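Note that the coordinates shown come from a computational prediction; the quantities given were computed from them, not determined experimentally. Below, chains carry the letters A, B, ... as their sequence lines are ordered, and counting in each starts from 1.
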Number of protein chains: 2
Amino acid sequence: MSKQPKYQQVADALRREIDNGTYGPGARLPSEAELATRFEASRNTVRSGLNLLVSQGLITSSQGLGYEVRKHEVFELNASRFENLQFPQNGDAYSTDVTNAGRRPHQTFRVELATTSEQIAQRLEVEAGSRSVLRFCHRFVDDVPWSTQATHYPDWLLQKAPRLAEPGDIAEGTTRYLAGLGVEQVGYADEIATRMPTPEEARLLEIGPGVPVMLWTRTGYTADRPVRCTVTTFRGDLNRMNYEIGDLSARNENEAQ
Amino acid sequence: MSKQPKYQQVADALRREIDNGTYGPGARLPSEAELATRFEASRNTVRSGLNLLVSQGLITSSQGLGYEVRKHEVFELNASRFENLQFPQNGDAYSTDVTNAGRRPHQTFRVELATTSEQIAQRLEVEAGSRSVLRFCHRFVDDVPWSTQATHYPDWLLQKAPRLAEPGDIAEGTTRYLAGLGVEQVGYADEIATRMPTPEEARLLEIGPGVPVMLWTRTGYTADRPVRCTVTTFRGDLNRMNYEIGDLSARNENEAQ
DNA sequence: TGGGTCCACATGTACCAACAAGTTGAGCGA
DNA sequence: TCGCTCAACTTGTTGGTACATGTGGACCCA
């Protein structure tokens, strides 16, 4: 005999029923009161069980409406396409991808001077606390917050490329702008991490409980040294990152069919 | 006036104090009773606030002990090193990395025949429900569960490579074994996703509440077609995935110093 | 018919009470 | 001194109550 706590039994039973399709994606669960009757438990106990499933990202709750099984819709991000290395200007690949998927992109943008944090400084190989330019982008798909992107450029680059610090978009893209000034990026170092969002991130991305964020840090290098560091924060439940390594002609031929 | 709920105020206040260092990593928080006095709230209300921070991965709780600020220790995974493409045999890169970090690796292993799930079948380009070989690996670092790895091989490969279906390790590594039989992998397609763990995953990886998992799916291709699909599940709080794209000689020279 | 009110029902917040169960250290006894 | 018991303190579980707040449909009235 296991003698699990009652709220665990409630959570397990509901998870099973969601897994086996009794409650499909988008379906509404019985109300707390009904579940309390069914499981012969108090409303508080049922709430504990439901809260568990909410914090595991399986269901959502809305006041006045009830509990719903979460729908999962995944957006694919291709991080290693050759085109991205060639023309990875801000927002362009994003706009194209989103439009191709039949969705409507939209973004806000701002530029500011910042003091470089420890994490960024290490990647840019500059001193922590030194000045850097931060170009910040908040992206939406069909008016749903999708990602935030913060790109840092080191101070020394500003003498060569003053437009980086000017507010407003750089029409031809920052990478092409830099390349035109002789600062050509030849390689990237990508890092991918995941964790639960901070309240600030949860607000910007409108993430409910139980949804992690995916952090994508891309440091761009010239032949000599790092020239920029981009930290992109995605909703973890809506995105998948893709990399291709080596020769994948077999795969890409099949996909082209 | 905002009029936030009281349990939110508790969570926010504690988060601020954790962020500003009042409670550093590993520090013990005041007990529920003390916090209840401080915030002039009931124990239940304080518990709601603490529970929020737990499910956000900021703190942990243990019965009889109290609440602790979570420590974060990150392990780096290099997914795109050239050596990995050449000799990516099961466990070898892992053992080497872990030993180099001064930690003690340890793993359990099992082989079984499985029916191919929809997700795997699509990647292996075989029919869903068909037979495949599953080689499963459960890895530990210093006896702490670290990752689970499930590699699927398609049925048609077994005629060429019967040892895949035999229980027990393949000493020279599966990739080298396959290469010796003329099945040489020339490229990988990697996918990275994140979500909250299922109860099963939480059990295997001993993950507490508030910690997401990172899912790394690697499909290996010969020049003709996919020959294997590996799904690795990591604790999201302890791992970071790294990729290098293009020419990073500048970076690697610096790191070699 | 159009529009607004209001009620029924959903979850959200907050409190109280009691007991279960894990941890630690003080203190006692051999 | 060693080892055991036990008390005190911790969080975990479960029940209860009351009221706040958001949602949607029934209903009534102009």
Side-chain angles (χ1 to χ4, degrees), chain A residues 1-14 18 23 26-70 199 202-203 206-210, chain B residues 1-15 18 23 26-70 199 202-203 206-211:
Chain A
M1 180 57 189
S2 61
K3 186 48 197 165
Q4 263 192 318
K6 206 183 270 189
Y7 76 94
Q8 267 285 357
Q9 297 176 25
V10 172
D12 289 350
L14 290 175
I18 290 169
Y23 302 108
R28 204 159 144 282
L29 260 50
S31 73
E32 293 175 350
E34 291 176 76
L35 292 172
T37 306
R38 170 180 159 192
F39 290 104
E40 293 179 9
S42 73
R43 188 182 158 217
N44 277 345
T45 302
V46 170
R47 275 179 71 82
S48 295
L50 288 165
N51 190 27
L52 209 58
L53 298 182
V54 168
S55 73
Q56 291 170 353
L58 199 65
I59 62 177
T60 62
S61 72
S62 347
Q63 189 171 356
L65 285 173
Y67 292 82
E68 257 193 21
V69 179
R70 182 168 255 145
R203 193 178 57 78
E206 286 174 20
I207 311 189
Chain B
M1 180 56 189
S2 60
K3 186 46 194 163
Q4 262 192 319
K6 206 183 271 188
Y7 76 95
Q8 267 286 356
Q9 297 176 25
V10 172
D12 289 349
L14 290 175
R15 177 180 277 276
I18 290 169
Y23 302 108
R28 202 160 146 281
L29 260 51
S31 74
E32 293 175 351
E34 290 176 77
L35 292 173
T37 306
R38 170 179 160 194
F39 290 103
E40 293 179 8
S42 73
R43 187 182 159 217
N44 277 347
T45 301
V46 170
R47 276 179 70 82
S48 295
L50 288 165
N51 190 25
L52 211 56
L53 298 182
V54 168
S55 72
Q56 292 170 353
L58 198 65
I59 60 177
T60 61
S61 71
S62 348
Q63 189 171 357
L65 284 174
Y67 291 82
E68 257 194 21
V69 180
R70 201 188 277 277
R203 194 178 56 78
E206 286 174 21
I207 311 188
V211 179

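Spacing between atom CG of A:N44 and atom C1' of D:dG12 amounts to 14 Å, rounded to whole angstrom units. Atom CG of B:L35 is separated from atom P of D:dC9 by 17 Å (rounded to the nearest Å). Distance B:E32 CD to C:dT23 P: 16 Å, rounded to the nearest Å.
When the side-chain nitrogen and oxygen atoms of B:S31 are compared with OP1 and OP2 of D:dT10, one or more of them lie within a distance under 4.0 Å. Neither OP1 nor OP2 of D:dA20 sits under 4.0 Å from any side-chain N or O of B:K3. For the pair B:Y67 and D:dG12, the criterion of a side-chain N or O lying under 4.0 Å from OP1 or OP2 is met.
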Criterion side chain to side chain contact (heavy atoms under 4.5 Å, CB included) on A:N51 and A:Y7, from CA distance to verdict: CA-CA 10 Å; A:N51 190 27; A:Y7 76 94; over 6 Å; no
A:L29/A:L50 under side chain to side chain contact (heavy atoms under 4.5 Å, CB included): CA gap, chis, key distance, verdict: CA-CA 10 Å; A:L29 260 50; A:L50 288 165; 4.1 Å; yes
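Annotation: side chain of A:I59 is in contact with side chain of A:I18 (closest heavy-atom distance under 4.5 Å).
Heavy-atom minimum distance, A:G49 versus A:A11: O-CB, 3.7 Å. Looking at every heavy atom in both residues, B:L35 comes nearest to B:P30 through CD1-O, 3.6 Å.
Relative to the side chain of B:R28, the nucleotides C:dA18, D:dT10, C:dT11 differ in distance, and D:dT10 lies closest. Nearest nucleotide to the side chain of B:E34, out of C:dG12, D:dT10, D:dT14: D:dT10. Here the nucleotide nearest the side chain of A:K6, chosen from C:dG12, D:dT14, D:dT11, is D:dT14. Across C:dC15, C:dT11, D:dG12, the shortest atom-to-atom separation from the side chain of B:A41 is found for C:dC15.
Remark on DNA chain D: of its neighbouring residues A:P5 and A:R43, the 5'-side contact belongs to A:P5, judged by nearest-heavy-atom nucleotide.
Within the 3.5 Å criterion, the main-chain N or O of A:S42 finds no donor-acceptor partner in the side chain of A:K6.
Contacts between residues 46-65 of chain B and DNA chain D, counted as heavy-atom distances below 4.0 Å, involve B:R47, B:S61, B:S62, B:Q63, B:G64.
Here B:D12 contributes atom CG and B:R15 contributes atom CZ; the two are 8.0 Å apart, rounded to the nearest 0.5 Å.
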